[in-house]
Amino acid sequence: MRTKSRDPLLSLSLIIAGLFLLIPSLFAFPAADDYCYALMHDRYGFFMQEEYMMTNGRWASSLFLQPAFFFVENINAYRIMPLIRLSLSTISFYTFLKSFRIQIYGTKKIHIALFLSLLFFFFSPSLSESLFWYTGAVNYTLPVIIMLFAWAILKNAIRNRYMPLIAVSYFMIFMASGFNEVALFIVPVLTWWLFRKETRGLTIIMAGILAANAAIFYFSPGNISRTAEFSHDSFTSQIIFGTGLHILRFSLVFLFLNPFVWLLVFKYFKHHKKREFLPRFLFPLIALDENSFELDSRI
């Protein structure tokens, strides 16, 4: 017999938690790089080329930073964006859960999705960067959202053998890995892990996505100016090793010091096959830890 979820109480609790999370957005203001990118727009218009030549190779984030001038000039729009980010995050989690057919203890997927979305932000090391700051959210939150949507589309496309959507999902994965230096590795590797048994040639495709974005990042002339601001070379083995350790540390902290995640683990283990939990839910959760996306090669 299927257990009924306590929908009204759970819905009310999640809504209150969401409202509590969004209260600071009423006092959010543009800051730091928001003004820099607004100035870039005033000087160059569409500034992707200038950003690549002068700053970094984060081509995907540069694309979504083009409207920065609008939010700098319209404070009300700037303060609405956190709500939009929370909504997009919830929808992306929902599509991920639905496409992978993950159900936890009879709870509605929309409740699980909102719950995970709230965890995603509440447990981030810098809530301002991941939710309230426009530039930070573009760099560190948006790639997670796009990756989740890409996974959902790819899962359904493989199930229905629909090649056009498979191509769309690959492009979205390519874009998600182009937001920052850590997403560069995490997005294609996690995609390979989730779909390696379902798609032929996936290893070559994901390796190609990683190599293409790595080349874009590596050959950006802006790396010279960025590197000059730090005492270490951005491409030494020490930096790569340190980045890997930070990803592991943040992921383990997120998983094992978070009582809500353990609650989900026990609920799932009680009602579902244990062998499905690691590849279908727990392992992706490591990558979805927003902490990992806030690291870059400057560590």
(message) Hydrophobic clusters here meaning ILVMFWY residues chained together by side-chain heavy-atom distances under 4.5 Å, can you tell me if L190 and L154 are in one?
(response) yes
(message) Looking at every non-hydrogen atom in both residues, tell me the closest pair between T95 and S92 and how far apart they are.
(response) OG1-O, 2.8 Å
(request) Verify the cluster assignment for F179 and F219: are they in a single hydrophobic cluster under the rule of side-chain heavy atoms below 4.5 Å apart? (result) yes
(request) Just do the side chain to side chain donor-acceptor pair (under 3.5 Å) check on N139 and S61 with the steps written out, would you? (result) CA-CA 6 Å; N139 278 284; S61 65; 3.3 Å; yes
(message) For a 4.5 angstrom cut-off between non-hydrogen side-chain atoms, does M54 reach P221?
(response) no
(message) Looking at L26, I want to see if its CG is surrounded by more than 12 non-hydrogen atoms of other residues, nucleotides or ligands under 6.0 Å.
(response) yes
(request) Decide side chain to side chain donor-acceptor pair (under 3.5 Å) for W151 and S99; before the verdict, give the C-alpha distance in whole Å, the side-chain angles of both, and the deciding distance to 0.1 Å. (result) CA-CA 8 Å; W151 284 353; S99 62; over 6 Å; no
(message) Tell me if the CZ atom of F20 is crowded by more than 12 foreign heavy atoms within 6.0 Å.
(response) no
(message) Any side-chain to backbone donor/acceptor pair from T141 onto V138? Under 3.5 Å, distance only.
(response) no
(message) Show, in sequence, the C-alpha distance, side-chain angles and deciding distance for V189 and M206, and conclude whether the side chain to side chain contact (heavy atoms under 4.5 Å, CB included) test is met.
(response) CA-CA 7 Å; V189 170; M206 290 302 112; over 6 Å; no
(request) Please confirm whether R79 makes a cation-pi placement over F132, using NZ or CZ under 6.0 Å from the six-membered ring centre and within 45° of the ring normal. (result) no
(request) To the nearest 0.5 Å, tell me how far E129 CD sits from L127 CG. (result) 10.5 Å
(request) Taking the six-membered ring for Trp and the full ring for Phe, Tyr or His, determine whether the centres of F174 and W59 are under 6.0 Å apart. (result) yes
(request) May I ask you to test the F71-P30 pair for a side-chain heavy-atom distance under 4.5 Å? (result) no
(request) State which residue, out of V187, I146, N213, fulfils the side chain to side chain contact (heavy atoms under 4.5 Å, CB included) condition with M175. (result) I146
(message) Nearest 0.5 angstrom please: R196 CZ to T203 OG1, how far?
(response) 10.0 Å
(request) Would you name the heavy atoms of V144 and Y140 that are closest together and state the gap between them? (result) CG2-O, 3.7 Å
(request) Please report the closest heavy-atom contact between S220 and G57, naming both atoms and the distance. (result) OG-N, 3.5 Å
(request) Check whether any side-chain heavy atom of T90 sits under 4.5 Å from a side-chain heavy atom of I110, and report yes or no. (result) yes
(message) Determine whether a donor-acceptor pair (N or O, by modelled atom type, separation under 3.5 Å) exists between the side chain of N180 and the backbone of R58.
(response) no
(request) Quick one: pull up CG in L88 and CD1 in I145 and give me the separation to the nearest 0.5 Å. (result) 5.0 Å
(request) Please answer whether the main-chain N or O of F121 pairs with a side-chain N or O of S130 as donor and acceptor at a distance below 3.5 Å. (result) no
(request) Tell me whether F122 is reachable from M81 by hopping between hydrophobic residues (I, L, V, M, F, W, Y) whose side-chain heavy atoms are closer than 4.5 Å. (result) yes
(request) Give the minimum heavy-atom separation between K109 and L97, together with the two atoms involved. (result) CE-O, 3.7 Å
(message) For F96 together with F149, are the ring centres under 6.0 Å from each other?
(response) no
(request) For the pair N56 (side chain) and Y52 (backbone), establish whether a donor and an acceptor sit closer than 3.5 Å, ignoring hydrogens and angles. (result) no
(request) Determine whether more than 12 heavy atoms belonging to other residues, nucleotides or ligands lie under 6.0 Å from atom NZ of K98. (result) no
(request) Say whether, by atom type as modelled, one donor and one acceptor occur between the side chain of S117 and the main chain of A113 under 3.5 angstrom. (result) no
(message) So L165 and N156, do their side chains get closer than 4.5 Å, heavy atoms only?
(response) no
(request) For S169 and I153, indicate whether the former's side chain and the latter's backbone hold a donor-acceptor pair under 3.5 Å. (result) no
(request) Please test F70 against Y78 for ring-ring contact (aromatic ring centres under 6.0 Å, His included), starting from the C-alpha separation and ending with a verdict. (result) CA-CA 9 Å; F70 173 79; Y78 195 93; over 10 Å; no
(message) Please check if the number of heavy atoms outside Y162 that lie under 6.0 Å from its OH is greater than 12.
(response) no
(request) Indicate yes or no for a side-chain donor-acceptor contact from S25 to the backbone of L22 under 3.5 Å, with no hydrogens or angles considered. (result) yes
(request) Could you tell me whether E198 and K155 make a salt bridge, using a distance below 4.0 angstrom between a side-chain N and a carboxylate O? (result) yes
(message) Counting C-beta onward and ignoring hydrogens, is there a side-chain heavy-atom pair between T199 and Y170 closer than 4.5 Å?
(response) yes
(request) Taking the side chain as every heavy atom from C-beta outward, state whether I112 and F93 have any atom pair closer than 4.5 Å. (result) no
(message) Do L19 and L12 sit in one hydrophobic cluster, given that two such residues count as connected whenever their side-chain heavy atoms are within less than 4.5 Å of each other, even indirectly?
(response) no
(request) Could you check if a side-chain atom of F120 sits within less than 4.5 angstrom of a side-chain atom of L131, using non-hydrogen atoms only? (result) no
(request) Quick one: closest heavy-atom pair of G18 and L118, and the distance? (result) CA-CD2, 3.7 Å
(message) Could you report the tightest heavy-atom contact between Q66 and G45, atom names first, then the distance?
(response) OE1-O, 3.9 Å
(message) Would you say that L65 contacts D33 through its side chain, given a criterion of any heavy-atom pair below 4.5 Å between the two side chains?
(response) no
(request) Determine, using the 4.5 Å side-chain heavy-atom cutoff (strictly less than), whether M172 and I216 are members of one ILVMFWY cluster. (result) yes
(request) Could you go through the salt bridge (charged side-chain N to carboxylate O under 4.0 Å, His left out) check for R43 and E50 one step at a time? (result) CA-CA 10 Å; R43 288 184 176 180; E50 288 75 17; over 6 Å; no
(request) Any chance you could measure Y44, atom OH, to M48, atom CE, to the nearest 0.5 Å? (result) 15.5 Å
(message) Could you check whether F47 and Y37 have their ring centres less than 6.0 Å apart?
(response) yes
